[in-house]
**Q** 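One structure, as structure tokens, below. Some questions next.
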Amino acid sequence: MLNFQLYNPTNYLFGKGQIAKLPELIPANTKVLLTYGGGSIKKNGIYDQVMTALKGYEIVEFSGIEPNPKYETLMKAVEIIREQKIGFVLAVGGGSVIDGTKFISAAVNCETEPSDILHRTAEVGKNTIPFGTVLTLPATGSEMNSGGVVTILATQEKLSFGSPELFPQFSICDPEVIISLPRRQLENGVVDAYMHVLEQYMTTKHDALLQDRIAEGVLQTLIEIGPSVVENPSDYTLASNFMWSCTMALNGLLNKGVPVDWSTHMIGHELTALYNIDHARTLAIVAPSLYTVMFETKKDKLAQYGRRVFDLQGTDESVAREAIVKTEEFFQKMGMKTKLSENTENYDDTAKFVADRFTERGWTGLGEAKNIGVDQVKEILEMSY
Ligand code: NZQ
Ligand code: ZN
């Protein structure tokens with residue numbers, strides 16, 4: 001097993017009625033910036049629950065954080081915090097609102113241009129603004145991790161950032177919030193979480209035995225509940241297992257002591273930046289081709305996954321191949337269209353464009369073995385057309 005450090009300071013509150021605990025979590029007499037998205041929280045009652053819980057607090061609202069949050073939008077919130085004495089930011093939303101809030105928290109006291117944080121030419125300092133979250137969409141794990149992804153509209157770049165300073169102080173995760181989610185977002189959540197596990201699992205064989213078993217447990221749970229939760233989001237058993245699986249998929253536990261990949265995400269982010277395809281849907285497009293192109297590197301693990309998760313039998317080679325097919329079938333069952341051409345038009349130049357971008361950024365060796373170079377990225381994307 002590789003050496004690791006496990007640090008996660010997020011106070012995670014799970015279950016029905018937990019929003020009422022907000023006053024125990026945010027210091028009294030603090031001016032709060034409430035960040036949210038396009039208004040779903042006003043229709044489903046979550047906004048009212050938050051406002052009731054925060055009675056007595058001085059609250060400034062910042063709405064309009066869009067899916068795949070934009071740098072340009074977030075900088076307006078940064079200005080508000082710089083002008084007013086905001087002591088705490090409360091993010092109420094899905095991954096986009098939470099990621100956006102992480103960026104805001106990091107940007108306020110950034111000594112250079114905050115876009116430097118996204119280009120990784122500036123570190124996130126220690127003087128971030130404290131924030132907590134009320135999760136409304138299980139998918140990203142952002143509620144219990146310290147990373148985020150922000151898009152710079154001006155350059156059409158979707159870039160990730162992270163720092164140990166950017167864990168939420170707390171996250172309130174009430175599974176009942178998923179009742180109002182459109183089916184598309186529920187489907188996205190299942191597939192995003194599934195791919196988070198695979199990015200930390202589908203690498204090379206290693207000897208961190210427990211990590212593999214936990215990962216396989218999350219995958220099997222998502223396969224078990226995914227198709228039903230999108231039909232019945234008001235079923236609390238399904239909703240609660242879904243929400244907890246999504247958090248467990250990316251709260252920093254699965255990657256301990258093991259090699260990780262993340263190249264499906266890196267390539268997928270480009271497809272969102274170029275064509276505005278939902279994050280999870282980009283992963284369902286990229287992963288089957290990536291596992292096919294990188295078959296030799298990942299064959300052993302694909303075979304283990306095929307046997308343990310899908311109960312396949314046969315030679316390593318045949319089980320590994322079949323496991324890729326089963327994965328794509330699961331994505332399709334979850335409502336994904338797994339070809340780029342089914343998600344956008346005018347995609348012909350995508351492979352070259354993305355490969356050139358990776359070259360410009362110096363991203364020449366992705367994946368656990370750093371052997372996903374620009375030629376492989378091109379091949380993966382061409383295969384996904
Ligand atoms: O904006 P509102 O009106 O709130 O509507 C949202 C949005 O349109 C809606 N929604 C959220 N909760 C709802 C609801 N509608 C009804 N009822 C509710 N309870 O859902 C839409 C999508 O929301 P969004 O936050 O964009 O979805 P998601 O949670 O999937 O987040 C995606 C973003 O997270 C990033 C992605 O790249 C993408 O930008 N990721 C963040 C990660 C992280 N921080 O660790 C890891 C992931 O791999 C991912 O990259
Ligand atoms: Zn993801």
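Keep in mind that the numbers below use all heavy atoms, side chains included, and drop hydrogens, waters and symmetry copies. Just so you know, ligand 1 is whichever comes first in the structure, and atom 1 is the first atom listed for that ligand. Here, residue 1 is the first one in the sequence, and each next residue gets the next number.
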**Q** Taking atom 12 (N) of ligand 1 as the point of reference, which of Thr136, Ile178, Thr272 owns the nearest heavy atom?
**A** Thr136
**Q** If we only count N/O pairs under 3.5 Å, is Val177 in contact with ligand 1?
**A**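 Yes; the residue has a nitrogen or oxygen that sits under 3.5 Å from a nitrogen or oxygen of the ligand.
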**Q** Distance under 4.0 Å to a non-hydrogen atom of Asn44: what atoms of ligand 1 satisfy this?
**A** 17 (N), 18 (C), 19 (N)
**Q** Suppose I only count heavy atoms of Ser180 and a 4.0 Å limit; which atoms of ligand 1 are within that range?
**A**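 So the atoms of ligand 1 that pass are 16 (C), 17 (N), 18 (C), 19 (N).
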**Q** If we only count N/O pairs under 3.5 Å, is Ile65 in contact with ligand 1?
**A**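 So ligand 1 has no N or O lying under 3.5 Å from an N or O of Ile65.
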**Q** With rounding to 10 degrees, what does the angle Asp192:OD1 / the Zn ion (ligand 2) / His265:NE2 come to?
**A** 130°
**Q** Around Lys301, counting heavy atoms of other residues, nucleotides and ligands shown, do more than 12 lie under 6.0 Å from its NZ?
**A** yes
**Q** Measure the distance from atom 20 (O) of ligand 1 to every protein heavy atom, then report the residue, atom name and distance (to 0.1 Å) of the closest one.
**A** Leu137 CD1, 3.5 Å
**Q** List every atom of ligand 1 that sits less than 4.0 Å from any heavy atom of Asn145, numbering the atoms from 1 in the order shown and giving each element.
**A** 43 (C), 44 (N), 45 (O)
**Q** What is the name of the N/O/S atom of His196 that is nearest to the Zn ion (ligand 2)?
**A**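 Looking only at N, O and S atoms of His196, the one nearest the Zn ion (ligand 2) is named NE2.
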**Q** Please tabulate, for side-chain N and O atoms in residues 134-142, each donor-acceptor pair with protein atoms closer than 3.5 Å (sequence neighbours left out).
**A**
unit_1	atom_1	unit_2	atom_2	d
Thr136	OG1	Gly93	O	3.4
Thr136	OG1	Gly94	N	3.3
Thr140	OG1	Ser142	N	3.0
Ser142	OG	Asp99	OD1	2.6
Ser142	OG	Lys102	NZ	2.9

**Q** Would you mind finding which of Gly45, Gly162, Ser96, Gly189 brings a heavy atom closest to atom 26 (O) of ligand 1?
**A**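 Nearest option to atom 26 (O) of ligand 1, by heavy atoms: Ser96.
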**Q** Run the numbers for me: atoms of ligand 1, each under 4.0 Å from some heavy atom of Gly37, listed by number.
**A**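 What qualifies from ligand 1 is 1 (O).
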**Q** Could you say whether the N/O atoms of Gly141 and ligand 1 ever approach to under 3.5 Å?
**A** no
**Q** Say whether Pro69, considering both its backbone and side-chain N or O atoms, lies within less than 3.5 Å of an N or O atom on ligand 1.
**A** no
**Q** Counting only nitrogen or oxygen atoms and a 3.5 angstrom limit, does Lys102 reach ligand 1?
**A** no
**Q** With a cut-off of 4.0 Å, which atoms of ligand 1 are near a heavy atom of His196?
**A**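 Checking each atom against His196, I get 46 (C), 47 (C), 48 (O).
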